[in-house]
Amino acid sequence: MENQYIPENVEAKWQKFWAQNQSFKADTQTEKQKYYLLEMFPYPSGRIHMGHVRNYAIGDVVARFKRLQGFNVLHPMGWDAFGMPAENAAIEHGTHPGKWTYENIDSMRVQLKRIGLSYDWSREFATCDLDYYRWEQLIFLKMYEQGLAYKKTSHVNWCEDCQTVLANEQVEDGCCWRCHNQVVQKELDQWFFRITKYADELLDETWNLKGWPEKVLAMQRNWIGKSYGCEIEFAVKGTEGKVKVFTTRPDTLCGATFMSLAPEHPLVKTLVTDDQRTEVEAFIDEVSRQDKIDRTSGELEKKGVFTGSYCINPLNGEELPIFLANFVLMDYGTGAVMAVPAHDQRDFEFARKYHLPVKVVIQPEGDSLTADTLEEAMTGAGLLVNSGQFDGVPNEEAKEKIASFLDERGQGRLTVNYRLRDWGVSRQRYWGTPIPVIYCQHCGTVPVPEKDLPVQLPMDVEITGEGGSPLARHQDFLTVDCPTCGAPARRESDTFDTFVESSWYFARYACPQYAEAPLDSQEANYWLSVDQYIGGIEHAVMHLLYARFFTKVLRDLGLVDVSEPFTNLLTQGMVCKETQRCDEHGWLYPEQVEDGKCTRCGQSVALGRTEKMSKSKKNVVDPNQLIAKYGADTARLFSLFAAPPEKDLEWNEQGVEGCYRFLGRIWRAVHDNLELIGKGQNQDSLKDISSELRRKTHQTIKKVTEDVDGRFHFNTAIASVMELVNAIYGCDRNKENPAVLREAIESVVRLLSPFVPHICEELWQRLGYEGGIEAQGWPVWDAEALVTSEVELVVQVNGKVRGKIKVAADSDNTLLEQAALAEPNVARFVEGKQVRKIICVPGRLINVVVSG
RNA sequence: GCGAGAGUGGCGGAAUUGGUAGACGCGCCAGAUUUAGGAUCUGGUGUCUUGUGGCGUGGGGGUUCGAGUCCCCCCUCUCGCACCA
């Protein structure tokens, strides 16, 4: 055996072994319990980055650990393969998006395999495969039948550069999240999924998702934004019209002094008086030129204009002037707000600006506010005043009383409002799933009949990046006969948002080749839910909420039984690295810096802050280079050891070196002892041997098992194996029983195998085993080996450590107290004082409480 | 502003139920080996005093025999949401 650890000599060998033996193929014909482990699948950009390595290394530990524990593990991998980068590449290099994507997949597959991940590659698919997206089209047709997919005209965020619609969450600081171009408003006919129908279920089930991080659940609840309130109708003075408002504060109804409408409100036309028309139209024009993002930015100056009309407060008959205000949004609530300046800060500022009256209707207890002296809105609790029959009622109570009073008179009702909007899924793009719809002049919108599916994405397109989607110009694709009347018709040229593909891929992994339907229900019901899902926190709302929604839709379509896709969710932290900057050359890649100097100009390099690895800051480490230098096992080990999975990981080259050295250390631990432990084959009699090393071995097995199983504390698991390795190096090899030493060394190899599988397989073989390390299963600790006859206890005096004593493990308290007081340094601190009491914590410490 | 999380040596991080703060690793220091360097092995490493002692987990209070951990107040940072009516 070579006495030096050379990763390239072992890694390819074992990757080949796993492939040939189909070691990670999932199987449903088994008595074993199922375990479905999934990491978020990657976009095939062509190169893996350290974020992938970390995500997949974490998942692989869990997959291998569960397999060793005897579970039937499903651990699939595939590609989120539709999307804009493929089209951008086509524009830049003239390569077809399909060709580009499949070539990237081939190259990334090679890179992933080099990491030694335990995937069942037989289940691999890409979402751009016809055999995947055809089923998505069928799901759409079913949703359309159920009224869950519908079309409507809406104002959308539009990116001129990408010539496409962006969801609100795809707009960052008023710019496109992909190309950073300024986003504008545009009116378009769009397909929507009725996610709002599931708003309550999506919200309520967040309380049952015990295996999800609280942070993610909070973000989802926040996103759904359910609020209870009251709808109130205000009659418009002198007309039959009514303005409907939504408010969460019906208790402040009598404090309303004016009304604010969204400038887009449909009633505006009828409300504007001739005197005000010029002013109002100018205002509407001004607001329409601001984009939606600015409208909701919070920095926006509050502006408004009087319409000339008045409405009537249904409770006290007061007349309120109707304003338009730029901060009122048409798509939240009813697009109209009753303004209560005394008790709402925003209304307060607006009222002061336009010199509108302020009327206090809630008095906090022990205070008497007046409208004139108020410096900010009073939003707290109190008793009602100036509210007629409701005076003196605590405001919380008044909310319901006023609402039911209005309800009885047909002027209002208790309602629920959501922030969540329906999901717009139309994208004016080529590289996506075609939406299976046909537009006929006679029959209108006609879904493509099931028998005509799939609507295949044509490959003969020219992608120039100009003039919108290539599909919209592709005559062969567009031209079709109406399936209903046979007249010439036109195909929908929009494709789905790529979040649609990632909303059900986890279910398709259960039956990737199934050719009869989107899902083989038997297989899907066997494997779902995903027992553990692992991915980045950046998907906390969009992807995870859409996937939850789709699961409920699939359930209601009778395709699966489960209601939730992911039982447990782990959101891993980002991979960060220090940035480096040269005055002349800007941000520098790590390899452009030597001894703190820029390699191009020799100037000293300034260290920037530690940030998420990104190409723009050049603080990246290329996994391929890392693996070439140290091997996959070192890359994995560092990713797992440097921080717990959910926290950000700070990249540190010296830390990587340390991990590489540790692997060399275990290599030598086997190599240097191979001859010696050859005499220790018989491990039957180990139970009778009292040995510190044996105790340490079993303590380590226990610790690693508990750290990995459910807790995912891989860093501490690895640390404890390091301790065991230190103990192996530290023991006296002339005295130690060879069988004990063998057990310790074998345990190190077995315990580390989920983390660094290649080196462990190799060492396991060299220890004399054939057929792979998985055959042996996960080691089990011997509880008896953990028992010690003598324990060391800390002795405290008044909570401060003053000495240590060694006593028999089964000593009773009287004996412990005597031994503690007899300890010389303890005795010194106790001397001359009165012992009040002595607290004995078994196995831990003794605390002598003294006074005087 | 609202919501969530975090703050521990020179650094990454341990401490699972309130019970020896700093496991493990990096870095640094010393020794062994080596022609030398590297690699490897061994030991040391919170801090102030160096006396068998004091101080120490962002700051201040509290509960307790005992607090990094529980409670109250404050500071800082990170993430998410935000004219949401």
Side-chain angles (χ1 to χ4, degrees), chain A residues 4 169 213-223 225 227 229-230 245-249 252 260 262 295-302 325-329 331-340 344-347 349-350 379 417-419 537-538 540-541 573-574 637-638 641-644 646-659 661-662 664-665 668 703 706-707 711 713 715-723 725-726 729-730 792-804 824-825 828-829 836-851:
Chain A
Q4 215 189 333
E169 52 273 26
E214 195 47 48
K215 181 189 174 77
V216 174
L217 295 173
M219 282 164 73
Q220 294 214 348
R221 286 179 200 128
N222 202 330
W223 190 260
S227 59
C230 182
V245 305
F246 171 79
T247 179
T248 55
R249 297 293 305 272
T252 64
S260 308
R295 289 273 302 280
T296 59
S297 76
E299 320 278 89
L300 184 77
E301 190 194 353
K302 294 174 185 54
N326 59 350
F327 60 85
V328 180
L329 307 172
D331 58 7
Y332 184 79
T334 60
V337 183
M338 67 172 201
V340 185
D344 180 292
Q345 185 59 27
R346 195 180 35 190
D347 296 339
E349 286 169 32
F350 194 89
T379 54
N417 194 41
Y418 300 90
R419 204 186 79 103
I537 185 78
E538 64 272 22
V541 176
M574 297 181 298
L637 189 63
F638 179 75
F641 179 63
E646 66 278 7
K647 287 186 69 174
D648 286 352
L649 181 151
E650 194 182 320
W651 196 264
N652 176 318
E653 183 70 21
Q654 284 163 336
V656 177
E657 293 267 1
C659 287
R661 282 207 295 272
F662 173 66
R665 205 164 148 83
R668 286 186 298 277
K703 169 83 176 149
E706 290 172 351
D707 277 354
R711 249 167 53 101
H713 282 211
N715 54 336
T716 53
I718 293 164
S720 67
V721 179
M722 287 174 170
E723 285 186 61
V725 171
N726 290 344
Y729 272 80
E792 191 182 57
L793 294 183
V794 163
V795 184
Q796 301 180 329
V797 178
N798 285 350
K800 285 191 193 300
V801 179
R802 298 301 181 191
K804 289 174 185 179
N825 199 44
R828 200 168 65 85
F829 277 90
R836 293 275 176 204
K837 59 175 161 177
I838 300 177
I839 289 149
C840 295
V841 183
R844 295 220 181 249
L845 56 73
I846 299 155
N847 189 10
V848 183
V849 184
V850 298
S851 64

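In what follows, chains are A, B, ... by sequence order, proteins preceding strands, each numbered from 1.
When both distances must be under 3.5 Å, the Watson-Crick or G-U wobble mate of B:U42 is B:A30. B:A6 is paired with B:U76 under the Watson-Crick or G-U wobble criterion, all donor-acceptor distances under 3.5 Å. The partner of B:U35 cannot be assigned: no Watson-Crick or G-U wobble pair with both contacts below 3.5 Å exists in any strand. Remark: B:G1 base-pairs with B:C81; criterion is Watson-Crick or G-U wobble with both hydrogen-bond distances under 3.5 Å. Both distances falling under 3.5 Å, in either a Watson-Crick or a G-U wobble arrangement, occur for no nucleotide opposite B:U57. Across all strands shown, B:U69 has no partner, as no Watson-Crick or G-U wobble contact with both distances under 3.5 Å is found.
Nearest heavy-atom pair across A:L793 and A:L845 is CD2-N, 4.2 Å. The minimum heavy-atom distance linking A:A540 with A:V216 is given by the pair O-CG1, 3.7 Å.
Close to B:C83, at under 4.0 Å from its OP1 or OP2, lies no side-chain N or O of A:R419. Between A:N715 and B:A14, a side-chain N or O to OP1/OP2 separation shorter than 4.0 Å is present. Listed pair A:Y729 / B:C41 meets the phosphate criterion, a side-chain N or O lying under 4.0 Å from OP1 or OP2. For B:G18, neither phosphate oxygen OP1 nor OP2 lies less than 4.0 angstrom from any side-chain nitrogen or oxygen of A:R844. An OP1 or OP2 oxygen of B:G25 is reached within less than 4.0 angstrom by no side-chain nitrogen or oxygen of A:R661. An OP1 or OP2 oxygen of B:C84 is reached within less than 4.0 angstrom by no side-chain nitrogen or oxygen of A:N222. Between A:R668 and B:C41, a side-chain N or O to OP1/OP2 separation shorter than 4.0 Å is present. Dashed line: the shortest gap from a side-chain N or O of A:K837 to OP1 or OP2 of B:C65 is under 4.0 Å.
A straight line from NZ of A:K800 to C1' of B:C55 spans 9 Å, rounded to a whole angstrom. Rounded to whole angstrom, the span from the CG atom of A:D331 across to the P atom of B:C83 amounts to 11 Å. Straight-line distance from the CG atom of A:L217 to the C1' atom of B:G80: 13 Å, rounded to whole Å. If you take CD of A:E706 and P of B:A14, they are 17 Å apart, rounded to a whole angstrom. Here B:C2 presents its C1' atom at 15 Å from CZ of A:R221, a figure rounded to the nearest Å. Per the geometry, CG belonging to A:N652 stands 9 Å off C1' belonging to B:G27, to the nearest Å. Rounded to whole Å, atom P of B:G25 lies 15 Å from atom CZ of A:F638. Taking atom CG of residue A:D648 and atom P of nucleotide B:G7, one finds them 13 Å apart after rounding to whole Å.
With hydrogens and angles ignored, a donor-acceptor pair under 3.5 angstrom links the side chain of A:K703 to the base of B:U16.
On the C1' atoms, B:A23 is 10 Å away from B:G13, given to the nearest whole Å. One P atom belongs to B:C24, the other to B:C73, and the distance between them is 39 Å to the nearest Å. Remark: the separation of the C1' atoms in B:G66 and B:U45 is 29 Å, to the nearest Å. The same atom, C1', is picked in B:A32 and in B:A21; the two are 33 Å apart, to the nearest Å. For the P atoms, the distance from B:G9 to B:A14 is 14 Å, rounded to whole Å. Rounded to whole Å, the separation between the C1' atoms of B:G7 and B:G22 comes to 16 Å. For B:C26 and B:U76, the C1' atoms lie 27 Å apart once the distance is rounded to whole Å.
Nucleic acid contact for A:E349: none, since no nucleic acid atom lies under 4.0 Å from a heavy atom of the residue. Base engagement by A:N847 is indicated by at least one non-hydrogen atom pair under 4.0 Å involving a base atom. Residue A:V337 is classed as a base contact, given a heavy-atom separation below 4.0 Å to a base. The residue A:E214 sits apart from the nucleic acid: no heavy atom pair falls under 4.0 Å. A:Y418 comes within 4.0 angstrom of no nucleic acid atom, judged by non-hydrogen atoms across all strands. Heavy atoms of A:P644 sit under 4.0 angstrom from primed sugar atoms or phosphate atoms, though from no base atom. Residue contacts for A:N726: at a heavy-atom cut-off of 4.0 Å it reaches the sugar-phosphate backbone alone, with no base atom in range.
Side-chain atoms of A:V801 lie closest to B:U20 of the nucleotides B:U16, B:G25, B:U20. Closest to the A:T716 side chain, of the nucleotides B:A23, B:C41, B:G25, is B:A23. Closest contact between the side chain of A:R711 and the listed nucleotides B:U16, B:U52, B:G13 involves B:U16. Looking at the side chain of A:R828, the nearest of the listed nucleotides B:C65, B:U52, B:G13 is B:U52. Across B:C81, B:A85, B:A15, the shortest atom-to-atom separation from the side chain of A:H713 is found for B:A15. With distances taken from any side-chain atom of A:V328 to the nucleotides B:U20, B:A85, B:G12, the minimum falls on B:A85. For A:N326, whose side chain is taken as the heavy atoms from C-beta onward, the closest listed nucleotide among B:A85, B:C83, B:G54 is B:C83.
Taken from CG in A:N726 to CZ in A:F662, the straight-line distance is 8.0 Å, to the nearest 0.5 Å. To the nearest 0.5 Å, atom CZ of residue A:R665 and atom OH of residue A:Y729 are 5.0 Å apart. To the nearest 0.5 Å, atoms CZ (A:R419) and CZ (A:R221) are separated by 15.0 Å.
Between A:F327 and A:V337, every side-chain heavy-atom pair lies at or beyond the 4.5 Å cut-off. With a 4.5 Å cut-off on side-chain heavy atoms, A:Q796 and A:I839 do not count as touching. For the pair A:T379 and A:Q345, the minimum side-chain heavy-atom distance is 4.5 Å or more.
Nearest-nucleotide positions on RNA chain B place A:Q796 closer to the 5' end than the other of A:Q796 and A:G335. Summary of the strand contacts: A:R346 and A:A218 both lie near RNA chain B, and taking for each the nucleotide with the nearest heavy atom, the more 5' one is attributed to A:A218.
Residues A:N798 and A:R836 have side chains that never bring a donor and an acceptor to within less than 3.5 angstrom of each other.
Against the 90° criterion about 0, the sugar-base torsion of B:G51 places it in the anti range.
For A:R711, the CZ atom sits in a packed shell: over 12 heavy atoms of surrounding residues, nucleotides or ligands are nearer than 6.0 Å.
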